[in-house]
Number of protein chains: 2
Amino acid sequence: MSPDQLGVLIKETQAVLNQRMDEVLRPLGLSVSQYACLRNLHEEPGITGSELARRTFVSRQSMNVLVQGLERHGLVERAPEPGPRRERGAMLTHAATEILARADNAVSDVVGAMTEHLGQEQRNELHALLSACRDALARESSR
Amino acid sequence: MSPDQLGVLIKETQAVLNQRMDEVLRPLGLSVSQYACLRNLHEEPGITGSELARRTFVSRQSMNVLVQGLERHGLVERAPEPGPRRERGAMLTHAATEILARADNAVSDVVGAMTEHLGQEQRNELHALLSACRDALARESSR
DNA sequence: GACTTCATGTCAACAGTTTGACACACAATC
DNA sequence: GATTGTGTGTCAAACTGTTGACATGAAGTC
């Protein structure tokens with residue numbers, strides 16, 4: 001098997017996964033990007049917009065409009081006055097944590113269906129292999 | 001390990017892979033989307049724009065402007081008169097096959113670096129696991 | 001203290017993509 | 001043969017995301 005096929009395979013898997021997630025998140029009024037944003041803010045509250053952008057692989061400009069949208073919908077609140085480095089940390093509102101809980105369930109269903117036919121051992125193996133690929137690619141960038 | 005982590009891991013890996021591919025393809029004057037387009041046209045010449053769109057997970061409208069761009073750059077040629085179902089098959093020009101050969105080398109380097117530290121057995125394993133995930137998700141869509 | 005450097009937030013212009021709509025062309029069905 | 005259904009190509013509007021630029025605040029350096 002040519003290793004090049006792994007590239008398109010990763011893209012295909014991610015594309016289909018994204019489609020499924022969009023299908024289950026749309027009824028909740030969330031896009032996949034918005035869900036990723038809420039998820040990161042829940043794991044680490046008070047995080048800055050730029051940091052959020054890095055974690056979700058988008059520019060900080062587009063993350064800014066994304067957070068503004070969530071703010072308009074009353075899902076996040078940002079510190080009114082800037083902090084140390086002019087940064088304005090964002091926090092989830094109570095409404096957001098409720099929606100996020102339902103979104104998490106929906107996403108778990110999708111990912112669960114994806115790994116349905118895999119044993120625990122195989123899931124660990126997949127996790128290890130993908131991590132190795134990601135890290136190898138990340139190392140490649142700095143040299 | 002929670003299976004949910006596999007979702008973000010797939011996204012992370014695909015994102016970094018996309019970045020690396022963009023870095024090596026940009027000097028050749030190709031975007032990742034354009035490369036994918038040429039690659040598919042090389043494997044199956046005369047393919048239609050809509051089919052191309054399905055294989056690269058974009059709408060047929062955006063694939064249309066993409067192919068138009070490649071046509072302007074003299075990389076693809078489309079049948080002047082529509083075929084059976086109003087379809088206009090596209091073919092690669094000689095210049096395209098030359099650029100594609102160099103692009104393939106560049107991409108092989110990236111994917112090669114990604115799987116550098118993996119044995120042949122592990123690559124096969126990764127391929128099998130990812131295929132299973134993709135197919136499970138694809139099955140999920142139709143029910 | 002003045003200077004450079006770096007990170008954040010934000011504005012504006014731009015490119016790429018999607019959604020919705022329409023016009024065809026062919027196949028299938030009645 | 002008329003009708004319905006499906007697939008293709010294409011136009012226009014809307015959305016999402018990127019790039020470039022600027023102002024600001026904080027830290028380091030001379």
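Below, chains carry the letters A, B, ... as their sequence lines are ordered, and counting in each starts from 1.
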To the nearest Å, how far apart are [X] [atom1] and [N] [atom2]?
X	N	atom1	atom2	answer
B/Arg88	D/dT8	CZ	C1'	11 Å
B/Asn18	D/dT18	CG	C1'	14 Å
B/Gln19	D/dT18	CD	C1'	13 Å
B/Glu51	D/dT6	CD	C1'	15 Å

Closer than 3.5 angstrom, by distance alone: can the side chain of A/Arg102 be matched with the main-chain N or O of A/Leu28 as a donor-acceptor pair?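 Not a single qualifying donor-acceptor pair exists.
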Main-chain N/O of A/Ala90 paired with A/Arg78 side-chain donor or acceptor, under 3.5 Å: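 No; judged by distance alone, with no hydrogens or angles, the pair does not exist.
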Could you give all pairs that pass the salt bridge (charged side-chain N to carboxylate O under 4.0 Å, His left out) test and reach residues 55-68 of chain A, with sequence neighbours left out?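 Listed once each, the pairs are A/Glu44-A/Arg55, A/Glu51-A/Arg55.
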I need the residues from residues 54-67 of chain A with at least one non-hydrogen atom less than 4.0 Å from DNA chain C; give them sorted by number, or say none.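 The answer is A/Arg54, A/Arg60, A/Gln61, A/Asn64.
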Heavy-atom closest contact (A/Glu71 atom, A/Val76 atom, distance):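 Looking at all heavy atoms of both residues, the closest pair is CG-O, 3.5 Å.
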Give the table of side-chain donor-acceptor pairs shorter than 3.5 Å for residues 93-101 of chain A, with sequence neighbours excluded, one pair per line with atom names and distance.
unit_1	atom_1	unit_2	atom_2	d
A/Thr93	OG1	A/Gly74	O	2.8
A/Thr93	OG1	A/Leu75	O	3.3
A/Thr93	OG1	A/Ala96	N	3.3
A/His94	NE2	A/Glu98	OE2	3.1
A/Thr97	OG1	A/His94	O	2.7

Below 4.0 Å from chain B heavy atoms, what is the first contacting nucleotide of DNA chain C and what is the last?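 Contact boundaries, 5' end first: C/dT17 to C/dC26.
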When you look at CD of A/Glu77, are more than 12 heavy atoms from neighbouring residues, nucleotides or ligands closer to it than 6.0 Å?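 No - once you tally the heavy atoms of other residues, nucleotides and ligands closer than 6.0 Å, there are 12 at most.
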Let me check something: do A/Leu118 and A/Val107 share a hydrophobic cluster, defined by ILVMFWY side-chain heavy atoms less than 4.5 Å apart, either directly or through other members?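 Yes, A/Leu118 and A/Val107 fall within the same hydrophobic cluster.
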State which residue, out of A/Met114, A/Gln14, A/Glu12, fulfils the side chain to side chain contact (heavy atoms under 4.5 Å, CB included) condition with B/Arg134.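 Per the side chain to side chain contact (heavy atoms under 4.5 Å, CB included) rule, the option paired with B/Arg134 is A/Glu12, out of A/Met114, A/Gln14, A/Glu12.
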Hey, what do you get for CG (A/Leu129) to CG (B/Leu130), rounding to the nearest 0.5 Å?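 Here the rounded value is 9.0 Å.
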Strand contacts (DNA chain D) in residues 23-32 of chain A, 4.0 angstrom heavy-atom criterion: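 Here the set is empty: none.
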With sequence neighbours excluded, residues passing salt bridge (charged side-chain N to carboxylate O under 4.0 Å, His left out) with A/Asp104: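 Per chain and number, A/Asp104 pairs via salt bridge (charged side-chain N to carboxylate O under 4.0 Å, His left out) with A/Arg39.
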